[in-house]
Amino acid sequence: MPKVAALIVAAGRGHRFGGEIPKQYCALYGEPVLRHTLSKFVAHPDVNATVTVIHPDDRALYNEAAAGLGVIEPVSGGPSRQESVYNGLEALANIQPDAVLIHDAARPFFTDALISDIVAALDLHVGAAPGIPVADTLKRVRDGFVETTVDRSDLWRVQTPQGFRYPEILAAHKAAAGMNLTDDAAIAEKAGFNVVMLDGVKGNTKITRAEDLDMIGLARAAQWEYRTGQGFDVHRFEPGDKVQLCGVSIDHDKALAGHSDADVGLHALTDAILGAAAAGDIGEHFPPTDPQWLGANSSIFLRYAAKLIMDMDAKIVNVDVTLICETPKVAPHRAKMRALLADLLNLEVDRVGIKATTTEKLGFTGRHEGIAAQALATIRVRAEE
Ligand code: MG
């Protein structure tokens, strides 16, 4: 069995990509693109060693992407792809593989069968590259106008991994220094050895342009799952001259009875958030028997629940509160309530709903005996792998 090394080129900074981090480290189905790529090579029975060429600034991203995969210490890349590959080839000298598969990290969709095909082809050939015949009609365009139609019958779009016998490609790279060629088959051409073209894999595209962001975006969404909690609370009226509702003090001909400030809206909402996290209820976290919560401002409870979500590395997506009472009127205070809750929860105002309803004079709320509140909260948490 020939000794086969995989050389993964991940040194690009993705200037064409425009993202915050280089494309090979962006998440795809919850894992960095590079990790998908590395995992396939590491697990393949034909591949004996896998090494990655990285940009030194990306060391932390690389460590995360390659954690636990058992790959060789990465190699620092050069200013061009060609120089990066050369650095990687030189680093393989102490392994002395019979063959090397050179692959772009940002192409995570290749198949195990493709690796097998390329390794098998190297029994007969010095080099092997996968490709797809060009299907679109090609035009040569000059100054914005079609000059001519290019015969596409012998044109292929080339992919990676490209496989080569190691001593030959190392020598070819040495000879091609400074030429700035964009793939290794071109280096082989310059050296004058044959590269056999194999059928590539249709989906084996490279993540390169802004349009690929849609795919990445979908992949990122798949990292999250959403959980919803509900809350319900009631406080009865007692003599007084104001009520506290969703953080706003409203003049009224009654007050709400309670151990704390009796803010029924904040209590329901706190319970909804705790419920989304399956973290018990407000009474468990803030026992009404505990004197320190006597007359407490209920925003303390809401902030506590919000912090609990943050500590889970989760995020509140939206909240929605329904206040159920005949009086006082909620509408004049709705904007202030929303702004206050948005501030307490560190959310945009358009993620905070406040609604009010009566019960058509039925039941305890209809008889002006108290106020009820219902709330929903949705949180986003990292999906388990
Ligand atoms: Mg309560």
Side-chain angles (χ1 to χ4, degrees), residues 228-276 281-288 290 292-309 316-379:
T228 301
Q230 64 150 341
F232 177 72
D233 196 28
V234 172
H235 282 260
R236 68 183 158 71
F237 282 128
E238 64 179 12
D241 57 8
K242 50 175 69 78
V243 295
Q244 187 82 5
L245 278 183
C246 288
V248 177
S249 180
I250 301 171
D251 289 337
H252 195 45
D253 56 4
K254 298 182 185 75
L256 287 172
H259 185 66
S260 64
D261 64 4
D263 191 326
V264 64
L266 290 193
H267 294 181
L269 181 53
T270 301
D271 257 355
I273 293 169
L274 292 174
D281 61 30
I282 192 170
E284 201 180 315
H285 293 272
F286 303 96
D290 188 336
Q292 70 168 309
W293 310 123
L294 185 66
N297 184 324
S298 296
S299 63
I300 294 168
F301 310 149
L302 191 68
R303 276 196 199 276
Y304 172 90
K307 179 163 186 315
L308 187 137
I309 300 300
I316 297 172
V317 176
N318 74 305
V319 298
D320 186 26
V321 180
T322 303
L323 297 168
I324 305 164
C325 55
E326 301 292 332
T327 56
K329 289 272 171 255
V330 168
H333 309 284
R334 191 199 313 264
K336 194 171 173 192
M337 289 173 176
R338 292 180 70 204
L340 218 140
L341 294 192
D343 187 49
L344 284 171
L345 297 172
N346 197 21
L347 283 181
E348 297 91 347
V349 173
D350 66 0
R351 294 173 184 269
V352 178
I354 303 256
K355 311 191 304 298
T357 187
T358 70
T359 49
E360 296 284 331
K361 300 195 162 48
L362 298 170
F364 69 87
T365 53
R367 293 190 297 270
H368 298 264
E369 291 170 4
I371 299 181
Q374 293 179 331
L376 288 174
T378 301
I379 64 170

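The environment of E360 atom CD is sparse: at most 12 non-hydrogen atoms of other residues, nucleotides or ligands sit within 6.0 angstrom. By the neighbour-count criterion of 12 heavy atoms within 6.0 Å, atom CG of N346 is sparsely surrounded, having that number or fewer from other residues, nucleotides or ligands. More than 12 heavy atoms of other residues, nucleotides or ligands shown are found within 6.0 angstrom of CD on E238. Other residues, nucleotides and ligands contribute only 12 or fewer heavy atoms inside 6.0 Å of the NZ atom of K336.
Between H267 and F301, the angle of the ring planes lies from 30° to 60°, which puts this pair in the tilted group. Between H252 and F237, the two ring planes are tilted [angle within 30° to 60°].
Checking each of V264, L256, V248 against V243 for a side chain to side chain contact (heavy atoms under 4.5 Å, CB included) leaves exactly one that passes, namely L256.
For E326 (side chain) and K361 (main-chain N/O), a donor-acceptor pair under 3.5 Å exists by modelled atom type. Side-chain atoms of D271 never come within 3.5 Å of backbone atoms of D281 as a donor-acceptor pair (strictly under, hydrogens ignored). A donor-acceptor pair under 3.5 Å links the side-chain atoms of R334 to the main chain of I354, judged by distance alone. Between the side chain of R236 and the backbone N or O of G370, no donor-acceptor pair lies under 3.5 Å.
Atom CG of L345 and atom CD1 of I309 lie 10.0 Å apart (nearest 0.5 Å). In this structure, OG1 in T365 is found 11.5 Å from CG in L323, a value given to the nearest 0.5 Å. The structure places CZ of R338 at 11.5 Å from CG of L347, a figure rounded to the nearest 0.5 Å. For the atom pair L269 CG and C246 SG, the distance stands at 7.0 Å (nearest 0.5 Å). Taken from CE in M337 to CD1 in I250, the straight-line distance is 4.0 Å, to the nearest 0.5 Å.
Under the 4.5 Å side-chain criterion, counting only non-hydrogen atoms from C-beta, L302 is in contact with I273. Using a 4.5 Å cut-off on side-chain heavy atoms (C-beta onward), L274 and H285 make contact. For the pair H235 and I371, the minimum side-chain heavy-atom distance is 4.5 Å or more. Contact annotation: the side chain of Y304 never approaches that of T270 to less than 4.5 Å [non-hydrogen atoms, C-beta and beyond]. You'll find the side chain of L266 reaches within 4.5 Å of the side chain of L341, heavy atoms only. A 4.5 Å side-chain heavy-atom check between K355 and V321 finds every atom pair outside the cut-off.
Taking both residues in full, the closest heavy atoms of V330 and A356 are given as CB-CB, 3.6 Å, listed atom of the first, atom of the second, then distance.
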